[in-house]
2 protein chains.
Amino acid sequence: MLNYAAALAGSRPSFRTGAQPGRDVPGGDIHEAGERMIVASGEELFSEGDTAEVFYKVISGTVRTSKLLSDARRQIDSFHYAGDFFGFEGADEHSFSAEAVEETTVIAFRRSSFRSLVRDYPEFADQLMSAMVSSLQRARDHMLLLGRKTPQEKIAKFLLDTAARLRKDDRIELPMRRADIADYLGLTKETVSRTLTQMSRDGLIRLEAIGRTVLLNDRTSLQQMNA
Amino acid sequence: MLNYAAALAGSRPSFRTGAQPGRDVPGGDIHEAGERMIVASGEELFSEGDTAEVFYKVISGTVRTSKLLSDARRQIDSFHYAGDFFGFEGADEHSFSAEAVEETTVIAFRRSSFRSLVRDYPEFADQLMSAMVSSLQRARDHMLLLGRKTPQEKIAKFLLDTAARLRKDDRIELPMRRADIADYLGLTKETVSRTLTQMSRDGLIRLEAIGRTVLLNDRTSLQQMNA
DNA sequence: CGGGAGGTTGACGTATTTCAACGACCGTGG
DNA sequence: CCACGGTCGTTGAAATACGTCAACCTCCCG
């Protein structure tokens, strides 16, 4: 009756897997209905224009989804962490790309098996629906950030959001490079770097290691840079 | 079984209506399952923080949905035209606002009646799902625009998109003010104005009336400013 | 030890914002 | 019918925040 299969889709499974059986195991774990894959850092899961046969759920690691302009300008629309779904499409082709930011494990669900998934795992449809609704909400938040926030505000929100997503308190281990942060926030990597060091000088944060580890010293001040 | 009701929602119906009966009319027009309302130009349909009881479909006119920062900076995430659904929420409260850009007619659907809607009008769920998927795709496109495009590219895309949405060929009647365009594209109204007059000087477009009517003289050049 | 990737820092230029004034249009009311 | 006020749009001048270009440094791995 309901043709959700026509509205949802995903991507083709990547090569180099770490496969697992699990298909048609009604009543069991949803994860058993898809194929587990391990993707190396930097590897592509799918790319703009690829046929969209599969969608994914992140088990561990980080995935970035992005769009490119012809001259290589890039906009990352989202980072996906453990538990997130990504790769739905309305058409047969992907309208964006996905790459692993670090070594990442995902489950790939075939778009064509969507109906049986919903039948065998009733909670699956709900999970997907709320994934889409929250993707939309996140997207609206991010448009506000991209269109109207200053670099300082962008970075502050990015740090707080990332800390929340990674369930870390004060010390966060950023999985992505400065260039990724820049393409996510609509800045250049230089501006990202400068803003971080300035925040460090101001005592808001503390940068460790190669700059991948950030300590949030003054959450209150960071939060005031929002709203 | 499927709890879509929990994942979808909308806004409270606005006052000043132009009501119509139509409820529980299985097999009939979906529109009969909601309440028709006429909203005056500039009027608010719902606002950030309102309880989300209703979602909408535009029948005629234009609606803008937006988010505000505390200092009144605004980001319009979308303009909604005839046929578009808007106002879904994952939570009980609206996370964005909606106002009529011009006199607009909408149908309001109660979030609580979602299940019966799906039962009585099977195609309804599909319509909603594809509305959400295409909202997401639009959002990703718009993030690319906001984060990475120049004012010229932004305006060019805006004009072409709007022409496509309004099903006009060369002459489009913009329903919104310059400030709305600016808040949609992440620019100032001055930059919007300057860019339009420059395009006019370059022969790409022609501005008529109070600047609300735009003639697309050179679609090819405008399209080249994208990709 | 060498090379490359990623990150930081500096100097500089400029595109866009900001601030401000002006003008066109519209509706209202005297 | 015209004057008035308000909204919206345009244009100008000036300031500056961010991007660009470039050098340098650290870390890491072969």
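Numbered from 1 within each chain, the chains take letters A, B, ... in sequence-line order.
- C:dG6 atom P lies 5 Å from atom CZ of A:R177, rounded to whole Å.
- Rounded to a whole Å, the CD1 atom of B:I181 is 9 Å from the P atom of D:dT10.
- Distance, A:D183 CG to C:dG7 P: 12 Å, rounded to whole Å.
- Residue A:R212 places its side chain closer to C:dG7 than to any other of C:dG7, D:dT20, C:dT16.
- No engagement by A:L196 is indicated, since no non-hydrogen atom pair under 4.0 Å with the nucleic acid exists.
- In this structure, B:R194 places its CZ atom 9 Å from P of C:dT17, rounding to the nearest Å.
- Using a 4.0 Å heavy-atom criterion, one finds that B:T191 contacts the bases of the nucleic acid, with or without backbone contacts as well.
- In this structure, CG of B:L187 is placed 11 Å from P of C:dT18, rounded to the nearest angstrom.
- Considering only heavy atoms from C-beta on, A:L45 comes within 4.5 Å of A:F86 through its side chain.
- Residue B:P151 has its side chain nearest to C:dT16 when only C:dT16, C:dG6, D:dT20 are considered.
- Contact check on A:E53 versus A:R111 returns no salt bridge, with no Lys/Arg side-chain nitrogen under 4.0 Å from an Asp/Glu carboxylate oxygen.
- Per the geometry, CD1 belonging to A:I210 stands 7 Å off C1' belonging to D:dC27, to the nearest Å.
- Per the geometry, CG belonging to A:L185 stands 11 Å off P belonging to D:dG19, to the nearest Å.
- Of the candidate nucleotides D:dT20, C:dG7, C:dT18, C:dG7 has the atom lying nearest to any side-chain atom of A:S193.
- Distance NZ (B:K189) to C1' (C:dA21): 12 Å, rounded to an integer number of Å.
- Under 4.0 angstrom from either OP1 or OP2 of C:dA15 there lies no side-chain N or O belonging to B:T150.
- Within the 4.0 angstrom heavy-atom criterion, only backbone atoms of the sugar-phosphate kind lie near B:G186; the bases stay farther away.
- Look at B:R219 and B:D170 and you find a salt bridge, because one of the NZ, NE, NH1 or NH2 atoms lies within 4.0 Å of a carboxylate O, short of that distance.
- The side chain of B:E190 approaches C:dA20 more closely than any other nucleotide in the set C:dT17, D:dC21, C:dA20.
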